[in-house]
Novice: 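Got a structure here, written out as structure tokens. Questions coming.
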Amino acid sequence: MAAPFRLYNTLSRTVEDFVPLQPGRVGLYVCGMTVYDRCHVGHARAMVIFDTFVRYLRHRGWAVEFVRNFTDVDDKIINRANELGEDPIALSKRYIDAFHEDADAMGLLRPDHEPKVSESIEDILALTQELIDRGHAYVADGSVWFAVETFGDYGRLSGQKVDELRSADAADGKRSGADFALWKAVKPGEPAWPSPWGPGRPGWHIECSAMAQSRLGSTVDIHGGGLDLVFPHHENEIAQSECGHGGEKYVRYWMHNGLLTMSSGQKMGKSLGNVINVEVALANFPAQTLRLYYLQNHYRSPLPWGEEALPEALAMLSRLYEAKEVAEALGGEGDADQIAREMGPDAEAVLKLGRELPERLHAALDEDFNTSKALGDLFELARAINRFANLKKAKKRGGPVVAPALAAFDLIADATGLLAQPTREFLEEVKTKRLAALGVTREEIEAKLAEREAARVAKDWAAADAVRKELEERQIVVMDKPEGVEWRVKLT
RNA sequence: GGCGCCAUGGCCAAGUGGUAAGGCAGAGGACUGCAAAUCCUUCAUCCCCGGUUCAAAUCCGGGUGGCGCCUCCA
């Protein structure tokens with residue numbers, strides 16, 4: 001039942017037919033956060049992309065087992081904890097909670113498993129021991145190092161050459177500059193666990209190999225993460241897992257998302273100090289805005305971030321939601337084809353587009369998850385709806401004609417999580433959040449509108465227009481509709 | 001220096017052989033007391049130079065420019 005799809009594989013640098021290890025099942029491992037700070041909009045891109053990907057695969061009939069880890073033992077966490085005089089594990093716990101808040105606020109599904117390094121020490125020790133036993137790792141001064149030269153395929157994912165890496169500093173008992181730590185001997189002020197080689201803590205890469213194996217087995221169907229993790233992190237995971245499992249393939253498809261870039265072209269990164277936290281973004285914009293912003297570009301492309309990014313995404317999203325609302329308001333019943341024939345080409349067009357949308361959506365997403373293409377199709381549908389709804393007779397009888405379009409919106413929601421929020425609720429959230437961002441209250445607006453209404457009744461157009469202008473200067477747009485006066489916040 | 005990715009209108013962006021989806025912004029029009037929303041019209045030959053082909057944004061070669069990784073990073 002699971003529908004076939006194609007996916008770009010970083011390992012082959014081509015789009016390939018997806019063939020799972022077991023028919024109908026997808027084991028997906030995604031590198032999660034190192035929890036020493038809040039989740040920023042760059043991380044969130046990866047989170048939303050893989051969340052959407054999982055929703056889509058399930059929508060298409062795949063049984064997906066989704067694992068996303070927390071790295072809660074790490075140099076950066078320890079450093080931050082020492083700065084704050086806090087216990088590292090306590091600090092990472094705080095940020096795990098904060099991450100869950102952000103993830104929930106973004107409307108992300110919880111993965112099936114969210115393993116933590118601190119709770120996976122047994123698995124890590126076992127894999128490390130296995131690597132030593134098989135001659136791929138060695139002990140030096142209480143630390144364990146992976147011997148890169150024992151793995152002939154090293155560098156295949158990233159194109160790095162062992163010869164060039166070798167020249168790096170071979171400190172701390174490393175035999176080669178290319179070698180990397182599986183286990184780090186304890187240092188003062190650092191958390192440590194007992195091990196056969198003395199107290200210490202896991203190296204950076206071993207965690208993912210161990211956690212992926214314990215949840216998904218030796219071979220993972222799809223392993224995801226940011227493009228910046230290709231080297232060294234994912235390269236080292238391959239080395240550890242394949243050497244630790246006697247050469248068994250670790251990952252069938254490597255799926256890497258592109259990074260968020262600043263208008264300057266630089267990526268957004270904690271080390272560059274140019275981050276926007278999810279918490280801040282969501283205070284000003286509904287979560288759906290963020291999702292649309294991420295999905296409007298192909299997942300592998302860089303995505304530009306700027307002042308106008310979210311306002312523009314909100315304008316796009318509002319257009320879709322409003323078209324949906326327009327369609328929902330159409331009434332009547334009967335045979336859609338017959339009504340459409342009677343009502344003319346605009347009716348026939350929206351009926352046809354609505355019916356075609358599921359197939360077009362699937363075609364776009366089945367080909368390397370092309371969300372950008374899929375969105376383009378959706379906007380065409382929105383325009384067709386609006387055009388049709390402009391017909392006078394559509395209001396009372398057009399319902400059946402737009403029924404497939406409305407079903408298509410539901411399909412989008414199920415398949416991607418986009419437009420999943422009820423229309424009215426979304427439009428209200430837009431108002432609430434944008435007003436808060438602008439520092440305007442509903443009461444002020446209502447008062448001004450009452451003032452204007454009095455002027456209009458008196459046909460004092462100059463006074464009425466003055467109020468309109470005043471509100472517009474505060475980014476509030478007044479709309480005189482047949483049903484009454486409405487207002488909205490200017491979006492861009 | 002090594003490895004890799006990319007270069008489409010004012011901005012964002014889809015598009016792997018047959019003469020350029022979509023969004024945002026702009027202009028004109030319909031509608032409106034005026035507006036807004038909506039609809040209609042309008043706005044690109046795809047970085048440059050060669051090559052392959054009946055035909056290239058799309059393939060090949062060479063430039064130029066940008067970015068990612070090579071140290072922590074989604």
Side-chain angles (χ1 to χ4, degrees), chain A residues 10 13 15 30-34 36-37 39-50 68 74-76 79 155 157-161 163-165 168-169 204 224-233 235 256-261 263-272 275 292-293 296-298 300-304 306 308-309 311-320 322-323 326 346 360 364 370-383 385-391 456 459 461-462 464-465 468-469 472 476-482 485-488 490-492:
Chain A
T10 307
R13 315 263 174 205
V15 177
V30 175
C31 286
M33 294 270 297
T34 297
Y36 71 104
D37 210 334
C39 180
H40 65 63
V41 292
H43 302 122
R45 183 184 189 196
M47 302 307 162
V48 170
I49 284 170
F50 288 105
R68 186 182 59 212
D74 170 88
D75 291 349
K76 293 188 294 299
N79 291 341
L157 179 70
S158 63
Q160 297 295 316
K161 293 192 179 66
D163 285 351
E164 285 168 13
L165 299 167
D169 288 346
W204 174 32
L227 202 52
D228 52 352
L229 293 179
V230 173
F231 188 89
H233 188 54
E235 194 71 70
H256 289 105
N257 62 275
L259 306 180
L260 217 62
T261 56
S263 48
S264 61
Q266 247 69 48
K267 77 169 180 176
M268 180 179 284
K270 281 188 259 197
S271 55
L272 298 171
V275 301
L292 182 84
Y293 165 61
Q296 69 178 324
N297 267 26
H298 187 89
R300 285 194 281 116
S301 303
L303 176 61
E308 65 304 318
E312 186 173 316
L314 181 56
M316 295 171 77
L317 189 59
S318 297
R319 179 172 165 77
L320 293 175
E322 282 164 13
V326 162
D346 290 344
R360 293 174 73 177
N370 193 336
T371 53
S372 185
K373 175 82 167 17
L375 275 174
D377 294 341
L378 195 54
F379 279 100
E380 283 185 45
L381 180 65
R383 182 173 349 100
I385 288 171
N386 285 326
R387 186 203 293 222
F388 171 61
N390 279 345
L391 299 177
R456 292 183 79 210
K459 297 222 188 293
W461 303 124
D465 289 351
R468 175 195 290 288
K469 190 152 181 279
E472 187 158 1
I476 306 301
V477 181
V478 179
M479 304 177 291
D480 296 320
K481 294 190 166 187
V485 179
E486 289 182 28
W487 59 270
R488 59 184 287 172
K490 213 169 171 196
L491 299 179
T492 54

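Keep in mind that the numbers below use all heavy atoms, side chains included, and drop hydrogens, waters and symmetry copies. Sequence lines set the chain letters: A, B, ... in the order given, protein chains first and strands last, and positions in each chain run from 1.
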Novice: So, OP1 or OP2 of G22(B): does either fall under 4.0 Å of a side-chain N or O from Arg383(A)?
Specialist: yes

Novice: Identify whether any heavy atom of Asn257(A) sits under 4.0 Å from a base atom; if not, whether one sits that close to sugar-phosphate; answer base, sugar-phosphate or nothing.
Specialist: base

Novice: Taking only the C1' atom of each, what is the distance from U58(B) to A21(B) in whole angstrom?
Specialist: 15 Å

Novice: Is Leu229(A) touching bases, backbone alone, or none of the nucleic acid, heavy atoms closer than 4.0 Å?
Specialist: sugar-phosphate

Novice: Which nucleotide wins on minimum distance to the side chain of Arg45(A), given the candidates A74(B), C70(B), A21(B)?
Specialist: A74(B)

Novice: For Arg387(A), report the nucleic acid contact type (base, sugar-phosphate, nothing); a contact means any heavy atom under 4.0 Å.
Specialist: sugar-phosphate

Novice: Suppose you measure atom P in G17(B) against the same atom in C11(B); what distance do you get, rounded to whole Å?
Specialist: 28 Å

Novice: Heavy atoms under 4.0 Å, any strand shown: does His298(A) hit a base, just sugar-phosphate, or nothing?
Specialist: sugar-phosphate

Novice: How is Gly42(A) classified with respect to the nucleic acid when contacts are heavy atoms under 4.0 Å: base, sugar-phosphate, or nothing?
Specialist: base

Novice: In whole Å, what is the span from the CG atom of Leu320(A) to the P atom of G23(B)?
Specialist: 9 Å

Novice: Name the nucleic acid region contacted by Val477(A), choosing base, sugar-phosphate or nothing; use a 4.0 angstrom heavy-atom cut-off, strictly under.
Specialist: sugar-phosphate

Novice: Using a cut-off of strictly less than 4.0 Å, decide whether Arg319(A) has a side-chain nitrogen or oxygen near OP1 or OP2 of U38(B).
Specialist: yes

Novice: Using a 4.0 Å heavy-atom cut-off, does Ser372(A) contact any base of the nucleic acid, only the sugar-phosphate backbone, or nothing at all?
Specialist: base

Novice: Students often get this wrong, so: under 4.0 angstrom with heavy atoms, is Gly155(A) touching a base, only sugar-phosphate, or nothing?
Specialist: nothing

Novice: Taking atom C1' in both U16(B) and U52(B), what distance in whole Å separates the two?
Specialist: 16 Å

Novice: Write down the distance separating the P atoms in G15(B) and C59(B), rounded off to the nearest Å.
Specialist: 12 Å

Novice: Ignoring the backbone of Ala46(A), work out which of A74(B), G33(B), C69(B) is nearest its side chain.
Specialist: A74(B)

Novice: Identify which nucleotide among G33(B), A37(B), G68(B) has an atom closest to any side-chain atom of Leu259(A), counting heavy atoms from C-beta outward.
Specialist: G68(B)

Novice: Please pick, from C69(B), U38(B), C72(B), the nucleotide with the shortest atom-to-atom distance to any side-chain atom of Asn386(A).
Specialist: U38(B)

Novice: With rounding to the closest Å, how many angstrom separate the P atoms on A13(B) and C72(B)?
Specialist: 30 Å

Novice: Just N and O in the side chain of Asn390(A): are any of them under 4.0 Å from OP1 or OP2 of U38(B)?
Specialist: no

Novice: When you compare the side chain of His40(A) with that of Met33(A), does any pair of heavy atoms fall below 4.5 Å?
Specialist: no

Novice: Would you classify Asn297(A) as touching base, sugar-phosphate or nothing, given that sugar-phosphate means primed atoms plus P, OP1 and OP2, and contacts are heavy atoms under 4.0 Å?
Specialist: sugar-phosphate

Novice: Is any side-chain heavy atom of Met316(A) closer than 4.5 Å to one of Leu375(A)?
Specialist: no

Novice: Looking for any heavy atom pair under 4.0 Å, which part of the strands does Gln160(A) touch: base, sugar-phosphate only, or nothing?
Specialist: base

Novice: Quick one: are Asn297(A) and Pro304(A) in side-chain contact, heavy atoms under 4.5 Å?
Specialist: yes

Novice: With centres under 5.5 Å and planes under 30°, do Phe379(A) and G23(B) count as stacked?
Specialist: no

Novice: Check whether any side-chain nitrogen or oxygen of Asn370(A) sits under 4.0 Å from OP1 or OP2 of G15(B), and answer yes or no.
Specialist: yes

Novice: Between C72(B), A74(B), C3(B), spot the one nearest the side chain of His40(A), thanks.
Specialist: A74(B)

Novice: On a whole-Å scale, what distance lies between the C1' atoms belonging to G23(B) and C31(B)?
Specialist: 24 Å

Novice: Counting side-chain heavy atoms from C-beta on, which of C12(B), A36(B), C24(B) comes nearest to Pro304(A)?
Specialist: C12(B)

Novice: Closest to the Arg13(A) side chain: G23(B), G4(B), A36(B)?
Specialist: G4(B)

Novice: Arg456(A) side chain to Ala464(A) main-chain N or O, any donor-acceptor pair under 3.5 Å?
Specialist: no

Novice: With rounding to the closest Å, how many angstrom separate the P atoms on G2(B) and A44(B)?
Specialist: 41 Å

Novice: Got a salt bridge between Lys161(A) and Asp163(A), using NZ or NE/NH1/NH2 to carboxylate O under 4.0 Å?
Specialist: no

Novice: From C-beta outward on Met479(A), which listed nucleotide comes closest to its side chain: A74(B), C24(B), A37(B)?
Specialist: A37(B)

Novice: Base, sugar-phosphate, or nothing: which does Gly376(A) touch, judged by heavy atoms less than 4.0 Å apart?
Specialist: base

Novice: Taking only the C1' atom of each, what is the distance from G65(B) to C47(B) in whole angstrom?
Specialist: 8 Å

Novice: Describe the nucleic acid contact of Arg300(A) in one word from base, sugar-phosphate, nothing, applying a heavy-atom distance below 4.0 Å.
Specialist: nothing

Novice: Any side-chain N or O of Thr492(A) below 4.0 angstrom from OP1/OP2 of C24(B)?
Specialist: no

Novice: For a quick test of reading the model: is some side-chain N or O of Ser301(A) closer than 4.0 Å to OP1 or OP2 of A14(B)?
Specialist: yes

